[in-house]
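A short write-up of the structure that comes next.
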Amino acid sequence: MPRVTLALVALAGILAGALGFSVLHQNAPQTDTAAVRSIVEGVLADHDTRLASAAPIYRAPQNVAGLDPKVLNPMIESYLMGDPTILQRLSSALDSKMQVAAREKSTQVIATMKDAIFNDPNQVVLGNPNGDVTLVELFDYNCGYCRNALPDMASLLADDPNLRVVLKEFPILSNESIDAARVAILVNESDADYWAFHEALFTSRGQVDKKVALAAAADLGLSPVNIELKMEEPEVSKAIQTSYDIAKALNITGTPTYIIGNEVIPGAIGLDELKGRIANMRACGETECAS
């Protein structure tokens, strides 16, 4: 029974009782309005309590009229225009959710490919081979951003005696990049100074190709002829393919790309950002520490 109806019934009952009492007792006092209100409120409260504890009442489904886009769309537009920051907040929330999902996926992939990423016997290892933090960089010798980021890596190697750096050839910009990467892998296998070779290629003018790479190797005392004969060997191809496999699994599409801990960092983020992430790895085991 609706509360309004119930209230009317209760009020009618009380008034009827009061009227009967008045007829029987002509000298009885008039009905107290405040008392009547209190009784009615008590009846309603008791009704609400019993209704809340009762089983839900089955109601037959009703037909719902379809929403007309001509009516609905202007309403939505009006609502969004009334507070344009709604879309900004939605976009921000979506970005955060996607970043978390990407981070979780990267963590799983890095754990699965840990040896290939950090311990491949064909990769270049610079700095302290027993360092407490490892920084991995995937690069292309014809990448302008990699060239600009070279001083950052040089500073890290010079200033951080406990840093282990892994360089992975990731030639994706041209066939010339692939040739240069093949020469670099063979230089790393030799006793020559790989970092000197690395700097020579990134500080050379114009496109870095096989000729430039072989010349840099010759400057370090290596035989260009012997290196060129070995460029197509399976082990050389395997080293490059390993980088491609890692990139595919982690959805890496550009250079430079860094890997620290369980984070994939695309782009040349600068020396300070790299130092900050390395410091966080030492402090909490993650590239971002909880504040």
Seminar exercise, completed: When rounded to the nearest 0.5 Å, the distance separating CD1 of Ile86 from OG of Ser91 is 13.5 Å

Problem set entry | Centroid separation Phe139 to Phe170 less than 6.0 Å | no

Exercise. So, the side chain of Thr242 versus the backbone of Lys238: is there a donor-acceptor pair under 3.5 Å, distance only?
Worked result: yes

Problem set entry | Residues Leu138, Ile259; criterion side chain to side chain contact (heavy atoms under 4.5 Å, CB included); working and verdict | CA-CA 8 Å; Leu138 284 79; Ile259 301 174; 4.2 Å; yes

For this session: Report yes if the side chains of Ile172 and Tyr244 come closer than 4.5 Å at any heavy-atom pair, otherwise no.
Result: yes

Problem set entry | Pair Thr134-Arg164, side-chain donor/acceptor within less than 3.5 Å | yes

Exercise. Is the number of heavy atoms from other residues, nucleotides or ligands within 6.0 Å of CG (Asp191) greater than 12?
Worked result: no

Problem set entry | Atom of Pro256, atom of Cys146 and distance for their closest heavy-atom approach | N-SG, 3.5 Å

Exercise. Within the distance-only criterion (no hydrogens, no angle test), does the side chain of Asn142 pair as donor or acceptor with the backbone N or O of Gln207 below 3.5 angstrom?
Worked result: no

For this session: Taking the side chain as every heavy atom from C-beta outward, state whether Phe197 and Leu222 have any atom pair closer than 4.5 Å.
Result: no

Problem set entry | Glu169 vs Tyr141, side chain to side chain contact (heavy atoms under 4.5 Å, CB included): CA-CA, chis, key distance, verdict | CA-CA 8 Å; Glu169 309 286 345; Tyr141 277 119; 3.4 Å; yes

Exercise. Are the side chains of Leu135 and Met153 in touch, meaning some heavy atoms are under 4.5 Å apart?
Worked result: yes

Problem set entry | Donor-acceptor under 3.5 Å (Asn162 side chain, Asp132 main chain) | no

Exercise. How long is the span from the OG atom in Ser204 to the NZ atom in Lys211, to the nearest 0.5 Å?
Worked result: 12.5 Å

Exercise. Going through the distances and angles, do His198 and Leu150 end up as a side chain to side chain contact (heavy atoms under 4.5 Å, CB included)?
Worked result: CA-CA 9 Å; His198 191 72; Leu150 181 67; 3.7 Å; yes

Problem set entry | side chain to side chain donor-acceptor pair (under 3.5 Å) evaluation trace for Glu77 with Asn73 | CA-CA 6 Å; Glu77 181 180 358; Asn73 290 345; over 6 Å; no

Exercise. Is there side-chain contact between Arg182 and Lys210, with at least one heavy-atom pair below 4.5 Å?
Worked result: no

Exercise. Do Met231 and Leu186 have side-chain heavy atoms sitting under 4.5 Å apart?
Worked result: yes

Exercise. Measuring from Leu126:CG to Asn128:CG, what's the distance to the nearest 0.5 Å?
Worked result: 11.5 Å

Exercise. Is the shortest heavy-atom distance from the side chain of Asp120 to the side chain of Lys168 under 4.5 Å?
Worked result: yes

For this session: Would you check if Glu286 and Asn262 make a side-chain contact, meaning some heavy-atom pair closer than 4.5 Å?
Result: yes

Exercise. Between Ser92 and Gln88, is there a donor-acceptor pair closer than 3.5 Å when you use the side chain of the first and the backbone of the second?
Worked result: no

Exercise. Does the side chain of Met113 come within less than 4.5 Å of Ile246's, by heavy atoms?
Worked result: yes

For this session: Output the distance between atom CD1 (Ile178) and atom CG (Leu173), rounded to the nearest 0.5 Å.
Result: 10.0 Å

Problem set entry | Working for side chain to side chain donor-acceptor pair (under 3.5 Å), residues Asp140 and Thr255 | CA-CA 6 Å; Asp140 184 308; Thr255 54; 5.5 Å; no

Seminar exercise, completed: Note: Tyr258 and Ala149 closest approach over all heavy atoms is OH-CB, 3.6 Å

Exercise. Nearest heavy-atom pair of Met281 and Gly261: which atoms, and what distance?
Worked result: CE-CA, 3.7 Å

For this session: Just do the side chain to side chain contact (heavy atoms under 4.5 Å, CB included) check on Val264 and Val109 with the steps written out, would you?
Result: CA-CA 11 Å; Val264 177; Val109 173; over 6 Å; no

Exercise. How many angstroms lie between CG in Asn280 and CD1 in Ile260, if you round to the nearest 0.5 Å?
Worked result: 9.5 Å

For this session: Work out which heavy atom in Val187 is nearest to a heavy atom in Ala217; give both atom names and the distance.
Result: CG2-CB, 4.0 Å

Seminar exercise, completed: Of all heavy-atom pairs linking Ile278 and Asp160, the shortest is CG2-OD2, 3.9 Å

Problem set entry | From CG (Leu274) to CD1 (Ile269), nearest 0.5 Å | 4.0 Å

Exercise. Under the criterion side-chain contact (heavy atoms from CB on, under 4.5 Å), which of Ile185, Asn188, Val166, Val165 is the partner of Val124?
Worked result: Asn188

For this session: Kindly give the heavy-atom pair with the smallest separation between Ala196 and Leu220, and that separation in Å.
Result: CB-CD2, 4.0 Å

